[in-house]
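Okay, structure first, notes after.
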Amino acid sequence: MATPTALTPQDEDFPRWYQDVVAKAELAENGPVRGTMVIRPYGYALWEHVQAEMDRRIKATGARNAYFPLFIPQSYFAREAEHVEGFSPELAVVTFAGGEELAEPVIIRPTSETVIGEYMAKWIQSYRDLPLLLNQWANVVRWELRPRLFLRSSEFLWQEGHTAHATAADASAFATTIHRDVYRDFLVNVLAVPVFEGFKSPRERFAGAINTITCEGMMRDGKALQMSTSHELGQNFARAFGVAFQDESGQSTWCHTTSWGASTRVIGGLIMAHGDDRGLVVPPRLAPTAVVVLAVREDDALDEACADVTEELSAAGIAVERDRARGSFGRRVTDWEIKGVPVRAEIGPRDLAAGTVTLVRRDDGSRQSVERSRVVETVRELLEAVQANLLALALERRSQATHDVGTVAQAIEAAQEGFARVPWGLLGEAGEDELNRHAVSVRCIQRPDGSLPGSVDESDLVAVVAKAY
RNA sequence: CGGGAAGUAGCGCAGCUUGGUUAGCGCGCCUGGUUUGGGACCAGGAGGUCGCGGGUUCAAAUCCCGCCUUCCCGACCA
């Protein structure tokens, strides 16, 4: 195999490797305004698959999609103290529109708790209106000082869910359901990224929440990426926006609300969790193109065979694309590798003579020759195998780079190369300060066995700490 | 927002120190031909407000000032 030269090797310079992949795989590039992102068709196709998988799971929980405005009155933000404090440094504010200074500045949404709270208050009268389960797919703006494509941009795409419930227990249970059945399930079973799950520490929590549940993935450089958050908002926003209901006895009570989101950042996670020195590696269940069929050289008979195989795979419901590019075989192969297509089906003169197709896996580079009649069946098996292998490899890397430690100093040491798990009781405010001074943070707090705590006050909880994106 | 580096063709760079022919090179792109089982070769060709604005000068890619953008390192975040 030839040595790949298209990309900066990961070991040499991981951030540069990341930029190279984003550029060479034609995922995205910078927009004209600092921090903005142009998502190219292949990058957007990945996002559309993320959306489809998550949307299906969100709807299965009973939530329905709606749309709320991009512009939010500034006064709404002022109503929840912590919320306004947390977000004010990142807000973009419109003060001038329609040719004149606005009487009240308008905020471009960084998140929609406030507007949605206002409308929930209108729509909810009685316990019969609960739970109210909403979701929206939208863009949001959080002005970023240090942007990076997909990971941190001043405008990004996401899904934000907002729900209202009669009791704290209902709200908590729903937030947990979203975390488990939407985010964790999607990340592990579709994106093939194992996640550490747990609660955010008070200082890492969403501004205005009483609890935040997170999924933290480990990237190939050992750093953590927060890939989803699910917040229990208690009655904070309900009080601020008047979201109340009458119970069966006629008593008026504040609702308990939740909010939860996952963004285009998961594309960044996909790149950094699976990518290698040859480029992106896309898990089959997410791949816009799961199989690419290519002829080894320009030749009518080969083209015809490729067309047949493509048709057969397509008829079997497999996301297949036929390579129509001209140029050398090696070049075309490399281009598809950079894009991370899980399986390549190659047909050359020898295959044609033997009635076979050469199938090559993107994850381990292994190749096999199969009879034409068994192509569909074998491709199916390979896609399953690649999907499983990506998760297994990611799990393996993660367990290699995760260490249980007993002191803050050891935690900082371990976090230079990966994750550390340290008793939460041992850290305290001072320990968390010490970590932060070394650019290490508490990613989540979980039970010793890795499961979600019932509450933050449980004894023996463990903090997962790491450097983070 | 602080500290560092850098903006010259789509991408990567040279030229700048010491101002002075028509601003170069590699890759990519276009045309034609030969090729094609892991980033092909030959020939011809297109493509530039030298990031933007101002200043110095007979003359600025080159010197000076301001701004914008990008990358790396720190504080905030999905």
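What you see below is based on every heavy atom in this structure, not just the backbone, and it leaves out hydrogens, waters and symmetry mates. In what follows, chains are A, B, ... by sequence order, proteins preceding strands, each numbered from 1.
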To the nearest angstrom, how far is A/Glu216 atom CD from B/C77 atom P? 13 Å
Provide the distance between the two C1' atoms, one in B/G32 and one in B/G38, to the nearest whole Å. 27 Å
Could you work out the separation of B/A60 and B/U56 based on their P atoms and round it to a whole Å? 12 Å
Establish, from distance only, whether the side-chain atoms of A/Asn139 and A/Arg109 form a donor-acceptor pair under 3.5 Å. yes
In whole angstrom, give me the gap between the C1' atoms of B/G47 and B/U21. 22 Å
Suppose you measure atom P in B/G24 against the same atom in B/U70; what distance do you get, rounded to whole Å? 31 Å
Among B/G38, B/C77, B/U35, the one nearest any side-chain atom of A/Thr334 is B/G38
I'd like to know if A/Glu12 pairs up with A/Arg16 as an ion pair, taking the criterion as any Lys NZ or Arg NE/NH1/NH2 lying under 4.0 Å from an Asp or Glu carboxylate oxygen. no
Quiz question: going by heavy-atom distance under 3.5 Å, is there a donor-acceptor pair between the base of B/G37 and the side chain of A/Thr358? yes
Can you tell me the base-pairing partner of B/U56? Count Watson-Crick or G-U wobble geometry only, both distances below 3.5 Å, and say none if there is no partner. none
When you measure only distances, ignoring hydrogens and angles, does the side chain of A/Arg367 come within 3.5 Å of the base of B/G37 through a donor and an acceptor? no
Under a 3.5 Å limit for both distances, which nucleotide forms a Watson-Crick or G-U wobble pair with B/C50, could you say? none
Whole angstrom is fine here: how far is it from CZ in A/Phe329 over to P in B/A40? 12 Å
After noting the C-alpha distance and the side-chain angles of A/Asp335 and A/Arg331, does the key distance pass the salt bridge (Lys or Arg N to Asp or Glu O under 4.0 Å) rule? CA-CA 6 Å; A/Asp335 286 346; A/Arg331 178 46 180 260; 3.4 Å; yes
Side chain of A/Arg142, heavy atoms from C-beta onward: which of B/A40, B/G37, B/C77 has the nearest atom to it? B/C77
Please check if the side chain of A/Asp185 supplies one atom and the backbone of A/Asn189 the other of a donor-acceptor pair under 3.5 Å. no
Classify A/Leu151 by what it touches in the nucleic acid, base, sugar-phosphate, or nothing, heavy-atom distance under 4.0 Å. base
Round to a whole Å and report the spacing from CG of A/Leu145 to C1' of B/C73. 14 Å
Figure out the CZ/P separation between A/Arg297 and B/G38, and round it to whole Å. 11 Å
Let me spell it out: for each of A/Arg331 and A/Thr264, pick the nucleotide of RNA chain B with the closest heavy atom. Which residue's pick is nearer the 5' end? A/Arg331
Picking from B/G37, B/G38, B/C76, which would you name as closest to the side chain of A/Val296? B/G37
Counting any heavy atom closer than 4.0 Å, what does A/Gln19 reach on the DNA or RNA strands: base, sugar-phosphate only, or nothing? sugar-phosphate
Could you work out which one of B/A75, B/G37, B/G38 sits closest to the side chain of A/Arg146? B/A75
Which part of the nucleic acid, if any, lies within contact of A/Pro110, taking any heavy atom under 4.0 Å across all strands shown: a base, the sugar-phosphate backbone alone, or nothing? nothing
Result of checking A/Val282, A/Val281, A/Asp363 against A/Val386 for side chain to side chain contact (heavy atoms under 4.5 Å, CB included): A/Asp363
For nucleotides B/U57 and B/U62, find the distance between their P atoms and express it as a whole number of Å. 16 Å
Sticking with atom P, work out how far B/G10 lies from B/C29, rounded to a whole angstrom. 15 Å
With a 4.0 Å cut-off on heavy atoms, is A/Gly261 in touch with a base, just the backbone sugar-phosphate, or nothing at all? nothing
If you check every side-chain atom of A/Arg34, which of B/C76, B/G37, B/U70 has the closest atom? B/U70
Partner of B/C41 by Watson-Crick or G-U wobble geometry, both contacts under 3.5 Å, or none? B/G33
Taking everything shown except A/Glu90 itself, do over 12 heavy atoms lie less than 6.0 Å from its CD? yes
Base, sugar-phosphate, or nothing for A/Gly327, non-hydrogen atoms under 4.0 angstrom? base
P atoms of B/G45 and B/G54, separation to the nearest Å: 37 Å
Base paired to B/C25 (Watson-Crick or G-U; both N/O distances under 3.5 angstrom): B/G12
Ranking B/C77, B/G38, B/A75 by distance to the side chain of A/Arg278, first place goes to B/G38
Using whole Å, report how far CZ of A/Arg16 lies from C1' of B/U70. 12 Å
Hey, does A/Asp351 reach any base, or is it just sugar-phosphate, or nothing, if we go heavy atoms under 4.0 Å? base
Polar side-chain atom of A/Arg421 near backbone of A/Val464 as donor-acceptor pair, under 3.5 Å: no
When you get a sec, tell me which of B/C77, B/C72, B/G38 is the closest nucleotide to the side chain of A/Arg148? B/C72
Distance test, side-chain N/O of A/Ser328 to OP1/OP2 of B/A40, below 4.0 Å: yes
Just name whichever nucleotide pairs with B/C71, Watson-Crick or G-U, keeping both distances under 3.5 Å, else none. B/G4
Report the residue (A/Lys467 or A/Ala207) whose heavy-atom-nearest nucleotide on RNA chain B is the more 5′ of the two. A/Lys467
Between B/G44 and B/G53, how far is it from one P atom to the other, in whole Å? 37 Å
Just how far, in rounded Å, is C1' of B/C29 from CZ of A/Arg326? 12 Å
Distance, rounded to the nearest Å, where A/Asp433 contributes CG and B/A75 contributes C1': 14 Å
So which nucleotide from B/C72, B/U35, B/C77 ends up closest to the side chain of A/Glu298? B/U35
Quick one: label A/Asn436 by what it contacts on the DNA or RNA (base, sugar-phosphate, nothing), any heavy atom closer than 4.0 Å. sugar-phosphate
Spacing of CE belonging to A/Met37 relative to CD belonging to A/Glu29, to within rounding of 0.5 Å: 12.0 Å
Classify A/Gly35 by what it touches in the nucleic acid, base, sugar-phosphate, or nothing, heavy-atom distance under 4.0 Å. sugar-phosphate
B/U69, B/G37, B/C71: which one has an atom nearest the side-chain heavy atoms of A/Asn30? B/C71
May I ask you to say what A/Thr212 touches in the nucleic acid, namely base, sugar-phosphate or nothing, with a heavy-atom cut-off under 4.0 Å? nothing
If I take atom CG in residue A/Asp221 and atom P in nucleotide B/C73, what distance separates them, rounded to the nearest angstrom? 10 Å
With a distance cut-off below 6.0 Å to the six-membered ring centre and an angular limit of 45° from the axis, does A/Arg148 pair with A/Tyr18 as a cation-pi contact? yes
From the set B/G38, B/C76, B/U36, return the single nucleotide nearest to any side-chain atom of A/Arg344. B/G38
